Amino acid sequence: MSKVSLPQGTRDFSADVVRKRNYIFSIIRSVFELYGFQPLETPAMENLETLMGKYGEEGDKLIFKILNNGLDRPEKKEKTKIEFEKILEGKNNPVITERALRYDLTIPFARYVAMNHHQLVMPFKRYQIQPVWRADRPQRGRYREFYQCDADVVGSKSLLNEIELTNIYATVFKQFGVNIEIRINSRKILAALAEVCGGADKLIDITVAIDKLDKIGFEKVKEELQQRGLNEKQITIIEKYLNIEGSNQEKIEQIALLISSSEIGKQGIEEITFLLNHSSIKTLSVVADFTLARGLNYYTGIIFEIKATNVQMGSIGGGGRYDDLTGTFGVPNIPGVGISFGVDRIYDVMEELQLFPKDIYTSTKVLFFNLGEKESKASFELMQQLRDKNISCEIYHEQAKFDKQFKYADKKAIPYIVIIGSKELEEKTCTIKNIVTGEQQTILQKDLLTFSF
RNA sequence: GAGGUUGUAGCUCAGUUGGUUAGAGCGUCAGAUUGUGGCUCUGAAGGCCGGGGGUUCGACUCCCCUCAAUCUCCCCA
């Protein structure tokens, strides 16, 4: 075994994988652009202060912190020792660490908006495709470095944004050829449930628990609710709530009965109804799922989650509306709504369903055989002219037997080979062979430039 | 952060109740085959058996630690 290795939870991507991932990125990017979103990139690192306290207690622990430079300078040593003691007590300390790797794309975006809201045209629509880092324990489909693809609109309360984002999901996955179900719910309905249960302050406890319904079943959810301090009567209401079934329309009617006493609940139902009845949504596979909760606590309105049908896989995308993400950076009253695509999981789904197009694997189109010094000179000149015409070419790196050169083309999936040997050199011709069909023809060298590969 | 499983050739995996030079298939390289590849045949290279320590005359095998992958929980994408 070689001693060199990768840090835990990180990966190298070889050519094939990069091409497939780029295929995913390019489709997502083009759809974002199609809907009028502008690109944004932010630095890999942020001030630790920017990130701390935004992801909950668990999240804070998973932030990768960067050690300050120059801690070993003699004049600083004593201070460093004293301040390091505080780190050991679990307190962050700018003397030791003042920067951290970004944990998601949303908070850096909020930081950007807070810094630039004066010159941004509102509503501001941005998309961002960059890696993020989490000091999580790696598992299958779960890494310490992974990409997120986010699109957010800030500065608008209009539900038109939710409708557009829903259409973005549908458009992207249609292009991928992945069948999906877009599940929606509203945090307002969940809040109403909490109200009706007489435990408005228990909203987070309730959402965290019912979010697991799919995974662990109602009995376990009930246990968790009990542990989180809900009484029998409250749990009975939640049980009724979780048992709601039927078409979107039927579910909405039932939910209305249950939470009609709540003003915020009414609002939530209105919003969901508005979304579902929009002409562009009616043809899509959008399902109202009132058990959908999603972990992130900053959501306040409609929330989304994407499930691939036909494939066993967790959610491959999600998002929702938040009222005041920039508030913590001193700029209140900028509402927003955003969605995210889980690239790694989408990759796994597409791999399983074999949805990657075949033509993304070829890079080189033409291989020129190398059959000697003079011959390869002629080939090289011709090759450069083809390259000028934007056709990707290679020439075999040394004179070798046909066998070897063929195998090289085979392995690299190069579809065409061009042979210029002594015979062709003399006749100013070249032989073109399509390696896939086996067809072969000899033409004049000057005609190669207009040959349609 | 808690618990379980696994780690042998580039890849997938055998293996000996602890006993000399650790095997197979696939892949790689060379030849059969110096102007026509994929098939076939022949041969070769490639391993401190994840790393460190211990027990033993002797450890790939048993014990401890560690690292990594993977699964469940937690949390999430």
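Residue numbers start from 1 in every chain, and the chains themselves are labelled A, B, ... in the order their sequence lines are given, proteins ahead of strands. Model, not experiment: these values are computed from the prediction.
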Quiz item: What is the ring orientation for A:Phe369 with A:Phe402, classed by angle as parallel under 30°, tilted 30 to 60°, or perpendicular over 60°?
Solution: perpendicular

Quiz item: When the C1' atoms of B:G50 and B:U61 are considered, how many whole Å apart are they?
Solution: 16 Å

Quiz prompt | salt bridge (charged side-chain N to carboxylate O under 4.0 Å, His left out) between A:Lys412 and A:Glu394, intermediate numbers included | solution = CA-CA 11 Å; A:Lys412 286 192 73 172; A:Glu394 286 184 61; 2.8 Å; yes

Self-check item: Gap in Å between the two C1' atoms, one belonging to B:C60 and one to B:G19, rounded
Solution: 13 Å

Could you list the protein-to-nucleotides 26-28 of chain B atom pairs, N/O on both sides, closer than 3.5 Å?
none

Exercise. With C1' as the reference atom in both, quote the distance from B:A59 to B:G15 in angstrom, rounded to an integer.
Key: 15 Å

Quiz prompt | A:Tyr241: partners by ring pair (Phe, Tyr, Trp, His ring centres under 6.0 Å), with sequence neighbours left out | solution = none

Quiz item: Expressed as a whole number of Å, how far does the C1' atom of B:A32 sit from that of B:A68?
Solution: 44 Å

Exercise. Identify whether any heavy atom of A:Ile419 sits under 4.0 Å from a base atom; if not, whether one sits that close to sugar-phosphate; answer base, sugar-phosphate or nothing.
Key: base

Exercise. Look only at the side chain of A:Thr326 and the backbone of A:Val331, and say whether a donor-acceptor pair between them is shorter than 3.5 Å.
Key: yes

Practice problem: Would you list the pairs meeting side chain to side chain donor-acceptor pair (under 3.5 Å) in which at least one residue belongs to residues 162-184 of chain A, sequence neighbours left out? | Solution: A:Tyr35-A:Thr171, A:Glu162-A:Arg321, A:Asn167-A:Ser280, A:Glu181-A:Arg183, A:Arg183-A:Asp214

Quiz item: Is A:Lys404 touching bases, backbone alone, or none of the nucleic acid, heavy atoms closer than 4.0 Å?
Solution: sugar-phosphate

Quiz prompt | Among B:A77, B:U33, B:A30, the one nearest A:Lys401 by side-chain distance | solution = B:U33

Practice problem: Considering only atom P, compute the distance from B:C26 to B:U42 and round it to an integer number of Å. | Solution: 11 Å

Quiz item: Across all strands, who's sitting opposite B:G1 as a Watson-Crick or G-U wobble pair, both distances under 3.5 Å?
Solution: B:C73

Quiz prompt | Partners passing salt bridge (Lys or Arg N to Asp or Glu O under 4.0 Å) against A:Arg137 (at least two apart in sequence or in another chain) | solution = none

Quiz item: Can you check the A:Leu367 CG to B:U36 P distance for me, whole Å?
Solution: 17 Å

Quiz item: Given atom CD of A:Glu373 and atom C1' of B:U34, what is their separation to the nearest angstrom?
Solution: 18 Å

Quiz item: So, for A:Phe380 and A:Phe368, is the gap between ring centers shorter than 6.0 Å?
Solution: no

Exercise. Give a yes or no answer on whether the side chain of A:Asn185 reaches the backbone of A:Leu292 with a donor-acceptor pair at less than 3.5 Å.
Key: yes

Practice problem: Please determine if A:Arg21 forms a cation-pi arrangement with A:Phe13, meaning its NZ or CZ atom is less than 6.0 Å from the six-membered ring centre and no more than 45° off the ring axis. | Solution: yes

Exercise. State yes or no: are the ring centers of A:Tyr103 and A:Tyr55 separated by less than 6.0 Å?
Key: yes

Quiz item: To the nearest angstrom, how far is A:Leu6 atom CG from B:C67 atom C1'?
Solution: 14 Å

Quiz item: Could you state the CZ-C1' distance from A:Phe368 to B:U36, rounded to the nearest angstrom?
Solution: 17 Å

Quiz item: Taking atom C1' of B:A69 as reference, at what distance in whole Å does atom CZ of A:Arg11 sit?
Solution: 14 Å

Practice problem: Under 4.0 Å between any heavy atoms, over every strand shown, what does A:Gly9 touch: base, sugar-phosphate, or nothing? Just pick one. | Solution: sugar-phosphate

Exercise. Return yes if some donor-acceptor pair links the side-chain N/O of A:Thr10 with the main-chain N/O of A:Leu6 below 3.5 Å, else return no.
Key: no

Quiz item: Whole Å only: how far is the CZ atom of A:Arg144 from the C1' atom of B:U70?
Solution: 15 Å

Quiz item: What interatomic distance, in whole Å, is found between P of B:C48 and the corresponding atom of B:U55?
Solution: 25 Å

Quiz item: NZ of A:Lys220 versus C1' of B:C74: gap in Å, rounded?
Solution: 14 Å

Can you pull every protein N or O that's under 3.5 Å from an N or O on nucleotides 37-40 of chain B?
{"residue": "B:G37", "atom": "N1", "partner": "A:Ile435", "partner atom": "O", "Å": "2.9"}
{"residue": "B:G37", "atom": "N2", "partner": "A:Asp410", "partner atom": "OD1", "Å": "2.5"}

Quiz item: Looking for any heavy atom pair under 4.0 Å, which part of the strands does A:Glu224 touch: base, sugar-phosphate only, or nothing?
Solution: nothing

Quiz item: For A:Asp12 and B:G10, what is the distance between atoms CG and P respectively, to the nearest whole Å?
Solution: 17 Å

Exercise. Assign each of A:Pro7 and A:Gly141 to its nearest nucleotide of RNA chain B by heavy atoms, then name whichever residue's nucleotide is nearer the 5' end.
Key: A:Pro7

Quiz item: Among residues 132-139 of chain A, which contact RNA chain B at a heavy-atom distance under 4.0 Å?
Solution: A:Arg134, A:Asp136, A:Arg137, A:Gln139

Practice problem: Remember a base hit wins even if backbone is also touched, and classify A:Ser422 as base, sugar-phosphate or nothing at under 4.0 Å, heavy atoms. | Solution: base

Practice problem: Would you kindly compare A:Ile420 and A:Thr10 by the position of their nearest RNA chain B nucleotide and give the one closer to the 5′ end? | Solution: A:Ile420

Quiz item: Using the C1' atom in both, what is the distance from B:A14 to B:C74, to the nearest Å?
Solution: 38 Å

Self-check item: Centroid-centroid distance, A:Tyr127 to A:Phe37, less than 6.0 Å
Solution: no

Quiz prompt | A:Phe146 six-ring centre to A:Arg134 NZ/CZ under 6.0 Å and within 45° of normal | solution = no

Quiz item: Checking all strands, does A:Phe341 fall into the base, sugar-phosphate, or nothing category for heavy-atom contacts under 4.0 angstrom?
Solution: nothing

Exercise. Could you work out the separation of B:G47 and B:A22 based on their P atoms and round it to a whole Å?
Key: 13 Å

Quiz item: Considering the options A:Ile281, A:Ile302, A:Ile168, which one meets the side chain to side chain contact (heavy atoms under 4.5 Å, CB included) requirement together with A:Ile163?
Solution: A:Ile281

Exercise. Please determine, for B:U6, whether a Watson-Crick or G-U wobble partner exists with both distances under 3.5 Å, and give it or none.
Key: B:A68

Quiz prompt | Base B:G35 to side chain A:Gln440, donor-acceptor N/O within 3.5 Å cut-off | solution = no

